[in-house]
Amino acid sequence: MTTALDGLRVLDISEGLAAPFAAKLLGDLGADVIKLEPPEGDAARRRGPFAGSEDIEASAPFLYANTSKRSVIVDPADPDDLALRARLLDWADVVISHETEPSLAARGLGYRQLSARRPEVILTTVTGFGSDGPYADWQWNHLTAGALGGFTYLCGREDREPLQLGASVTETLTGAYAAVATLIAVYAAQEHGRGDHVDVSVIETAVNAALLPVQRYDYTGSSGARRADIGPSPSFILPTSDGYVGANVLTQAQWEMLCQFFGKPEFIEDPLFADGWSRMENSRDLATQLAEQTRPRTADDVFHDAQTWRIPFGLIPTMADVLNLLPHREREFFFSFDHPRAGRVRMPGIPWMFGDERPLGSRTPLLGEHTDDIAAASLSPRSAEGDADPLPLSPRAGGGVADGCGGLPSRPLEGLRVIDLSMFMSGPMTSLIFADGGADVIKVESVQRIDGWRAGGATDDFWWEWAPQFNWVNRNKHGITLNLTDQRGSDVIRHMVREADILVENYTPRVMGNFGLSYEELHEINPELIMISMPGFGLTGTWSHYTAFANTTEQMSGLPHLTGYADDQPIFSGTTGGDPLAGVMGALALLSALERRRRLNAQGKPGGCHIDLSQTETATSFTGEAVTAYSISGEDHGRRGNDHPQIAPHNTYPCVDDHWIAIACETDAQFADLARLVGRDDWAGQYPSFADRDAARGEIDSAIAEWTRNRDARQLMRELQAMRIPAGAVYEGRELLEDQHLQARGFFITQHHTYAGARRYPLQPYRFANWSGPEIDRPSPTLGRDTREVLARLTTLTDAEVDQMEADNVIGTIPLGERGD
């Protein structure tokens with residue numbers, strides 16, 4: 001097997017979960033990752049849960065975020081250790097840190113200092129708020145990041161406190177974005193010999209994944225309500241005799257099938273449930289009626305029965321159930337190893353395969369396990385001309401110059417061509433990353449079947465052009481229509497594939513084969529093509545034909561089992577479920593495949609491949625910390641509301657005008673400062689340690705809530721942050737769009753759409769120092785907007801042939817159902 005990132009040298013100087021997770025992903029894909037730790041070890045080693053006693057070698061978060069690395073202890077007070085660190089900095093192609101760039105620069109490790117030694121080096125900083133802006137030095141954790149990023153506003157019920165997500169998704173998702181952005185920089189460095197500073201923000205990641213508050217507000221003036229006990233359209237989590245099951249519908253056809261499935265065909269014509277808006281208004285009554293039928297049955301029985309109807313139901317597995325899911329076992333998704341101190345460890349692996357080969361990492365290292373070996377190694381730096389083999393960061397001939405002058409493109413992925421056959425959000429979010437990076441992305445729909453994401457717009461004329469979600473994830477793409485069931489339409493794809501680098505599709509298996517566009521057929525046309533298929537359960541296995549949407553994959557990951565009030569049933573995340581999780585992992589898969597192709601081409605072999613990505617596996621990757629914790633401890637704490645097993649207080653509290661604030665005291669000193677501010681100096685003596693505060697959580701939370709009730713959330717947030725206490729107002733859409741920090745970083749761009757007008761959209765949660773950001777003058781395409789231009793540019797079709805295709809509805813700009821002819 002050709003390892004995708006073989007030869008890439010990564011120096012991980014980070015701590016926590018987000019940045020180390022980025023380095024772990026690169027290591028699992030074959031990069032050589034050396035992790036530098038202080039003598040006491042990465043702080044995540046003390047985070048827990050643990051395997052048995054509080055052994056720093058058996059911490060679940062550390063075990064999960066640090067596979068495929070070598071650990072080296074560097075004592076900053078030891079000159080020999082600092083000399084070793086300097087050698088490693090010269091050795092590395094990529095340096096990953098959890099500190100801001102100015103903080104690193106103050107210690108001689110900033111981007112300018114590193115690039116002065118090696119212009120090709122890439123520095124990736126993964127921080128709460130990015131390396132610049134008013135909040136750059138603020139404190140953060142998963143609770144406050146969710147609050148400030150829009151997640152928390154959506155999660156929970158209107159009549160109760162807003163909730164954090166039950167797994168550390170803000171951190172792991174940021175790590176995945178950081179790995180994506182790093183590989184974009186690696187790709188550009190190999191093309192042009194120029195390194196970069198990649199600046200990644202946790203808060204901006206949360207805004208991207210939460211999505212709905214910003215887009216709802218900008219299009220409608222409302223951020224929506226917090227009702228995560230009900231999913232979109234609506235969807236439900238229903239009780240069964242042995243657990244819960246997810247009943248998910250996104251389309252009218254699925255709603256009608258759901259009614260038939262439950263033996264309620266009269267609901268289809270009932271005015272209370274006439275359309276999506278009516279169903280949402282009456283969703284809780286509807287859920288009560290449906291629950292009467294699911295409660296006597298087992299979850300497995302309901303799930304498999306519904307799937308035979310092609311309704312995208314999902315299971316709500318516990319952590320034990322996640323580890324035992326049939327598709328995971330059949331596809332050998334979990335990575336297992338024996339650890340010297342933690343024992344047998346099982347955790348999610350890389351959630352895709354290159355063909356039938358899944359990348360495989362190595363076990364998590366002990367603290368300083370490799371110090372002596374690496375100190376004795378030569379650690380030769382890259383030569384100025386690059387290595388003899390085409391390893392990373394040696395510029396390709398003719399690809400530009402290393403000093404950034406002359407002939408360099410504006411964006412790092414210019415020159416790549418992507419054909420995007422995907423719909424809804426997961427696949428389009430993957431291709432959006434390439435479009436924003438400058439690739440030529442061609443989005444394909446048909447007038448017979450438009451992208452289902454277009455249905456989320458207003459009910460005005462041209463309603464299919466008004467969907468905020470569609471108009472976000474399809475910016476900077478060329479939009480064409482092709483009826484792929486017509487030979488002429490599929491022939492256009494075959495012709496474009498000849499010069500394409502990537503093809504993205506997220507249909508259920510066999511659909512591409514029905515079009516005559518299977519990977520085997522396309523590989524014959526272009527052996528260098530990288531095709532990614534993104535079905536709900538992967539291309540192989542007993543469940544491969546099952547239907548899955550974002551709610552389904554979120555449910556199958558175990559996230560709802562972990563999310564919700566401790567005294568209530570599982571709930572939805574409140575946002576677009578597993579879509580953003582699959583979208584970012586899809587981009588990572590493709591970027592790693594490009595590096596794999598480069599290595600195969602250097603060996604004189606074709607570099608194309610078919611990536612088999614399971615969206616259920618990708619979603620499970622982001623609950624991996626909890627899965628790992630269960631595997632080593634056998635404990636599954638389930639839903640804990642806003643509690644944290646090692647931090648107290650740690651909750652959301654009411655403020656004036658129905659606003660909320662998230663506050664977390666991670667240290668005894670932070671709690672003492674908060675106590676003084678609240679006017680409870682007695683607390684410091686009464687609750688001096690976490691154990692004391694944990695035992696009195698309810699009392700402390702009640703007192704803090706009484707104190708915050710008359711305070712302004714944003715003002716209090718600034719006051720607490722000035723005291724270095726993690727705090728974040730629970731932002732809704734308007735507050736996100738108006739936030740001074742996000743504005744200072746230029747996070748939102750305005751694009752002028754033909755029908756929707758001037759609307760604001762979030763950028764990717766990363767910045768490049770040496771490359772331009774996304775275009776702002778290419779909004780999401782209206783249906784078929786670029787068909788004739790693309791056909792003229794990329795095919796040999798004549799005008800007469802194109803005219804006939806339009807007459808025959810092979811191409812077009814109006815959905816067939818809206819023509820009235």
Side-chain angles (χ1 to χ4, degrees), residues 16 43 47 100 103 127-129 133-153 156 160-164 170 202-203 206 640-732 735-736 738-742 744:
R47 180 163 162 172
T100 65
S103 175
T127 61
F129 300 91
Y135 306 165
D137 295 324
W138 277 19
Q139 302 296 298
W140 69 277
N141 62 14
H142 172 61
L143 176 76
T144 60
L148 280 165
F151 266 128
T152 307
Y153 174 77
R160 299 189 66 172
E161 72 274 16
L163 293 176
Q164 65 181 347
T170 58
V202 177
I203 301 303
R640 318 177 54 125
N642 286 320
D643 281 359
H644 189 283
Q646 293 178 306
I647 302 172
H650 186 276
N651 211 337
T652 58
Y653 304 94
C655 294
V656 297
D657 299 326
D658 295 324
H659 286 78
W660 294 77
I661 188 170
I663 302 173
C665 290
E666 299 181 338
T667 67
D668 297 340
Q670 287 173 348
F671 179 70
D673 287 341
L674 177 65
R676 283 191 291 273
L677 189 63
V678 174
R680 293 297 302 268
D681 291 342
D682 57 308
W683 277 359
Q686 193 173 357
Y687 310 118
S689 69
F690 164 73
D692 299 312
R693 297 191 292 276
D694 187 36
R697 245 181 226 275
E699 177 186 339
I700 294 171
D701 278 345
S702 295
I704 294 174
E706 283 302 310
W707 174 71
T708 61
R709 202 175 299 277
N710 297 315
R711 302 294 301 271
D712 177 83
R714 283 183 284 183
Q715 180 178 337
L716 180 56
M717 169 181 69
R718 290 188 287 270
E719 190 173 350
L720 291 169
Q721 286 285 355
M723 301 171 68
R724 309 294 289 169
I725 297 173
V730 176
Y731 273 174
E732 47 85 56
E735 292 163 324
L736 285 165
E738 295 176 355
D739 181 72
Q740 63 170 334
H741 179 77
L742 296 177

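Keep in mind that what you see is a predicted model, and the values were worked out from it rather than measured.
E719 is listed as a side-chain neighbour of R711, based on a closest heavy-atom distance under 4.5 Å. Side-chain contact between P162 and W660: present, with at least one pair of heavy atoms (C-beta onward) separated by less than 4.5 Å. Within the 4.5 Å cutoff, no side-chain heavy atoms of L677 are placed close to those of D673. Side-chain contact check for P726 versus Q670: some heavy-atom pair is nearer than 4.5 Å. Two residues are said to be in side-chain contact when any heavy atoms from C-beta on lie closer than 4.5 Å; I663 and L720 meet this criterion. Between F129 and V202 the shortest side-chain heavy-atom distance does not fall below 4.5 Å.
Within the model, atoms CG of N141 and OG1 of T170 stand 8.0 Å from one another, a figure rounded to the nearest 0.5 Å. For the atom pair L716 CG and I725 CD1, the distance stands at 9.5 Å (nearest 0.5 Å).
Under the salt bridge (Lys or Arg N to Asp or Glu O under 4.0 Å) criterion, R709 pairs with E706, sequence neighbours left out. By the side chain to side chain contact (heavy atoms under 4.5 Å, CB included) test, R693 pairs with A648, P649, D668, F671, Y687, F690, I700, sequence neighbours left out. Partners of Q139 according to the side chain to side chain donor-acceptor pair (under 3.5 Å) rule, which considers only residues two or more places apart in sequence or in another chain, do not exist here. With sequence neighbours excluded, no residue forms a salt bridge (Lys or Arg N to Asp or Glu O under 4.0 Å) with E699. By the ring pair (Phe, Tyr, Trp, His ring centres under 6.0 Å) test, H650 pairs with H644, sequence neighbours left out. Residues satisfying the salt bridge (Lys or Arg N to Asp or Glu O under 4.0 Å) test with D701, not counting sequence neighbours, are none. With sequence neighbours left out, S702 forms a side chain to side chain contact (heavy atoms under 4.5 Å, CB included) with no residue at all. With sequence neighbours excluded, the residues that form a side chain to side chain contact (heavy atoms under 4.5 Å, CB included) with A675 are W683. Every residue two or more places apart in sequence or in another chain that forms a salt bridge (Lys or Arg N to Asp or Glu O under 4.0 Å) with D682 is listed here: R680. When the side chain to side chain contact (heavy atoms under 4.5 Å, CB included) test is applied to Q715, the partners found at least two apart in sequence or on another chain are D712, R718.
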Test side chain to side chain donor-acceptor pair (under 3.5 Å) on N642 and E161 and set out the steps.
-> CA-CA 9 Å; N642 286 320; E161 72 274 16; 4.8 Å; no
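Side chain of Q721 to main chain of A727: a donor-acceptor pair is present (N/O by atom type, distance under 3.5 Å, no hydrogens or angles).
For the side chain to side chain contact (heavy atoms under 4.5 Å, CB included) criterion with V730, the lone passing option out of T152, T144, L148 is T152.
Sorted by first and then second residue, the salt bridge (Lys or Arg N to Asp or Glu O under 4.0 Å) pairs with a member in residues 140-150 form an empty list; sequence neighbours excluded. Note on residues 640-663: pairs passing salt bridge (Lys or Arg N to Asp or Glu O under 4.0 Å), not counting sequence neighbours, are D643-R697.
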